[in-house]
Amino acid sequence: MSERTKSPVNRRTALRFLGAGVVVSGAAALGGCQIRPLHGDRTLANGTSRAASELASIQIDPPSNRTTQLVRNELVFRFGGDGGLSTYRLALGASRVITTLGVDGTGATFARTLRVAATYQLFRLGEDEPLTENTVIANAGFDEVEQEFANERAAIDAEQRAAREVAAVINAQLAAFFAT
């Protein structure tokens, strides 16, 4: 056989060995990795994760306004109830602000964004020092038209979307807190 026909076979074999070496070394490097799912660690006797159990034991303070109520409702759903056997208390406050993004040639607005900002503090029941606290912000856009009802409905929908996003982030942050 000539050198020309041997060369591609040797290259393929060498590339296979190289690829296998990369896979083996990558697996060895990741072998000590401690990544695990927040809700997937089945460590409790009832089959739920520690984080899910802790989230279900959070009692959320009554809301002071509509925006806080929207975030609270979503958190109650995500926590799996409203703290039946409460161990923790979540102080929650939220507000919304609408800003104009676009104005047409006549000066009429046509694009707006609604920002929901929620601040929370997690307390162990009976204690005054928060275990964790943070502020979470989410934005949702909507368009304005000439119909007032449509504009109100669009603002309500944007507020609900932003509140849902804020609650998802709070839920993830608290789950991470309990998982550590």
Side-chain angles (χ1 to χ4, degrees), residues 35-41 47-125 127-180:
I35 297 172
R36 63 184 191 277
L38 289 176
H39 299 288
D41 183 16
T48 61
S49 71
R50 179 177 181 270
S53 176
E54 297 288 350
L55 289 173
S57 69
I58 295 176
Q59 160 193 324
I60 306 172
D61 288 351
S64 59
N65 58 37
R66 175 180 159 63
T67 305
T68 305
Q69 180 70 49
L70 290 171
V71 175
R72 183 184 187 280
N73 289 350
E74 187 67 25
L75 284 173
V76 167
F77 173 74
R78 288 176 180 275
F79 291 170
D82 191 13
L85 298 171
S86 299
T87 308
Y88 303 97
R89 179 178 68 85
L90 187 71
L92 178 69
S95 62
R96 76 177 204 164
V97 175
I98 297 176
T99 57
T100 301
L101 296 177
V103 179
D104 66 12
T106 66
T109 61
F110 62 87
R112 292 187 174 239
T113 187
L114 186 138
R115 172 176 285 177
V116 170
T119 301
Y120 69 89
Q121 293 180 313
L122 181 69
F123 298 92
R124 190 175 305 278
L125 283 181
E127 295 181 9
D128 294 330
E129 187 69 29
L131 300 171
T132 185
E133 57 189 333
N134 202 358
T135 299
V136 178
I137 299 171
N139 295 311
F142 65 98
D143 292 331
E144 272 200 356
V145 294
E146 292 183 18
Q147 297 175 341
E148 189 62 33
F149 176 78
N151 293 336
E152 286 297 318
R153 187 67 240 176
I156 289 169
D157 289 345
E159 182 180 29
Q160 290 171 337
R161 288 192 318 271
R164 196 169 22 255
E165 188 176 329
V166 163
V169 172
I170 291 172
N171 181 65
Q173 289 176 349
L174 292 175
F177 170 78
F178 287 126
T180 55

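Residue indices begin at 1 and follow the sequence shown. Just the heavy atoms: all of them, side chains too, but no hydrogens, waters or symmetry mates, feed the values below. Given the structure is predicted, the values throughout are model-derived calculations rather than measurements.
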Could you tell me whether the side chain of [Y] reaches within less than 4.5 Å of the side chain of [X], counting heavy atoms only?
X    : Y    : result
L174 : L90  : yes
I137 : R115 : yes
E74  : L70  : no
L92  : I170 : yes
V136 : Q173 : yes
L55  : R78  : no
I156 : R66  : yes
D128 : F123 : no

| task | Give the minimum heavy-atom separation between V166 and A138, together with the two atoms involved. | result |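 It is CG2-CB, 3.6 Å.
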| Side chains of E159 and T67: donor-acceptor distance under 3.5 Å anywhere? |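 Yes, side-chain donor-acceptor contact under 3.5 Å.
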| task | With ring-ring contact (aromatic ring centres under 6.0 Å, His included) as the test, would you mind laying out the steps for Y88 and F177 before giving the verdict? | result | CA-CA 13 Å; Y88 303 97; F177 170 78; 7.7 Å; no
| field | Passing candidate, side-chain contact (heavy atoms from CB on, under 4.5 Å) with E148, options E146, E144, E152 | value |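 The option that passes is E152.
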Is there a donor-acceptor pair closer than 3.5 Å between any side-chain N or O of [X] and the backbone N or O of [Y]?
X    : Y    : result
N151 : V145 : yes
D61  : R89  : no
R161 : G141 : yes
T68  : A94  : yes

| task | Check whether more than 12 heavy atoms from other residues, nucleotides or ligands sit under 6.0 Å from atom CD of E127, and answer yes or no. | result |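 Result for CD/E127: enclosed.
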| request: Determine, for D157 against R153, whether the closest basic-nitrogen to carboxylate-oxygen distance falls under 4.0 angstrom. | output: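 So D157 pairs with R153 through a salt bridge.
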